[in-house]
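We use all heavy atoms of the structure for the numbers below, so side chains are in, but hydrogens, waters and symmetry mates are not. All values reported here derive from a predicted model rather than from experimental measurement. Chain identifiers are assigned alphabetically (A, B, ...) following the order of the sequence lines, protein sequences preceding nucleic acid strands; residue numbering begins at 1 within each chain.
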Amino acid sequence: MPELPEVETTRRGIEPHILNRKIANVVLRERKLRWPVPAKLPANLVGNSVQSVKRRAKYLLIDMGNGTLMIHLGMSGSLRIVPKSALPEKHDHADFQFDNDKILRYRDPRKFGCILWIAEDLNQHPLLSKLGPEPLADEFDSDYLFALSRKRKAPIKTFIMDGHMVVGVGNIYANEALFRAGIRPTRQAGSLSKVKTRLLVSTIKKVLAEAIQVGGTTLRDFIGGDGEPGYFKQSLAVYGRAGLPCVKCGGILKEIRQGQRSTVYCGKCQR
DNA sequence: AAATCTCCCTGTAGGC
DNA sequence: TGCCTACAGGGAGATT
């Protein structure tokens, strides 16, 4: 599923194909996503050129000059560049056809993603205005997280997955970062020492940066690729490994549920 | 304010 | 083999 590294990989993959390119046509086959795709979207887009391709949290932000095309991949979405001749398949909900005979094609089987148009100031938009800092930005440091977490009783895993605190830390990377940092996911956020907080912050950054690096490998054959991350799976130490031995101590990994999400951890290595 | 719950959706896996 | 059900999950919005 697309986590922050996959969204960033997607951004880097599509940017060279669409930057400064003019949109010639837009086809919407399914408008019922997380929120309805605006019917006026084609009118906003056709004839305009892509000014920039950015990312905020897991939102892709395509600046069209007269507004911004905002796309979220949900948990099953993908964006790919395909030739104009490529026939749409099941779940290919939207095509953005460019003047170079390439199509930016959106697919999302579970329809948890969204395609929206933002005409006003991006920073004022309700989906973006309350987001925490980017995990890889300097702004996200141990002083910030330590101050924010004081007196907070929520489990640390839930806390770092909350987009108000820091964006882009999904279930997979929250599990992995907490394992690598040796922190039990159920611990109250406010109970972490300054030292542990520093370790957690640096570990989150490291895990995400590593995953983006691996995504970069996928990037090269992005056009022909199937859109699946694949590569980082082999470096997962806990996610999806419940009941299997811990890679550090050999103990059996436990699985619990926190906030409707599965958590896997080592009861011995994570305290 | 903070914490928790609900819901959107379909492919996949497991049971029989 | 095929049908049926449970489940996964990002994250906004509602509820406690």
Exercise. Should A/R110 be listed as having a side-chain N or O under 4.0 Å from OP1 or OP2 of B/dG11?
Worked result: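 No, no such contact exists.
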Problem set entry | Short side-chain N/O contact to B/dT10 OP1/OP2 from A/K111, under 4.0 Å |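 Affirmative; the distance criterion is met.
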For this session: Would you kindly compare A/R34 and A/K90 by the position of their nearest DNA chain B nucleotide and give the one closer to the 5′ end?
Result: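 The residue whose closest nucleotide sits nearer the 5' end is A/R34.
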For this session: Using heavy atoms to find the nearest nucleotide of DNA chain B for A/Q260 and A/A154 separately, return the residue whose nucleotide is more 5′.
Result: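 The residue closer to the strand's 5' end, by nearest nucleotide, is A/A154.
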For this session: State, to 0.1 Å, how close A/L192 and A/R187 come at their nearest heavy-atom pair, and which atoms those are.
Result: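 Reported closest heavy-atom pair: CA-NH2, 3.4 Å.
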Exercise. Which atoms form the tightest heavy-atom contact between A/R11 and A/V53, and what is the distance?
Worked result: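 Heavy-atom minimum between the residues: NH1-O, 2.9 Å.
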For this session: To the nearest 0.5 angstrom, please state how far the CD1 atom of A/I118 sits from the CD atom of A/Q124.
Result: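 Here the rounded value is 11.5 Å.
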Exercise. With under 30° as parallel and over 60° as perpendicular, where do the rings of A/Y59 and A/H72 fit, or are they tilted in between?
Worked result: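 It falls in the perpendicular class, over 60°.
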Exercise. Under 3.5 Å, is there a donor-acceptor pair linking the side chains of A/D108 and A/S76?
Worked result: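 Yes, A/S76 and A/D108 have a side-chain donor paired with an acceptor closer than 3.5 Å.
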Exercise. Can you give the first and last nucleotides of DNA chain C, 5' to 3', that have an atom under 4.0 Å from a heavy atom of chain A?
Worked result: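 The protein-touched segment is C/dA8 to C/dA12.
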For this session: Output yes when A/R198 and A/D143 qualify as a salt bridge under the 4.0 Å nitrogen-oxygen rule, no when they do not.
Result: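 The answer is no: the pair does not qualify as a salt bridge.
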May I ask you to say what [X] touches in the nucleic acid, namely base, sugar-phosphate or nothing, with a heavy-atom cut-off under 4.0 Å?
| X | result |
| --- | --- |
| A/K151 | nothing |
| A/L73 | nothing |
| A/S76 | nothing |
| A/F159 | nothing |

For this session: Please figure out whether A/M75 or A/L131 has its closest DNA chain C nucleotide nearer the 5' end.
Result: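 With A/L131 and A/M75 compared, the 5'-side residue is A/M75.
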Problem set entry | Sub-4.0 Å heavy-atom contacts from residues 161-177 of chain A onto DNA chain B, ordered by number |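 Of all residues in residues 161-177 of chain A, none places a heavy atom under 4.0 Å from DNA chain B.
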Exercise. In a check of side chain to side chain contact (heavy atoms under 4.5 Å, CB included) between A/D95 and each of A/N25, A/V26, A/I103, which one passes?
Worked result: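 It is A/I103; the other options fail the test.
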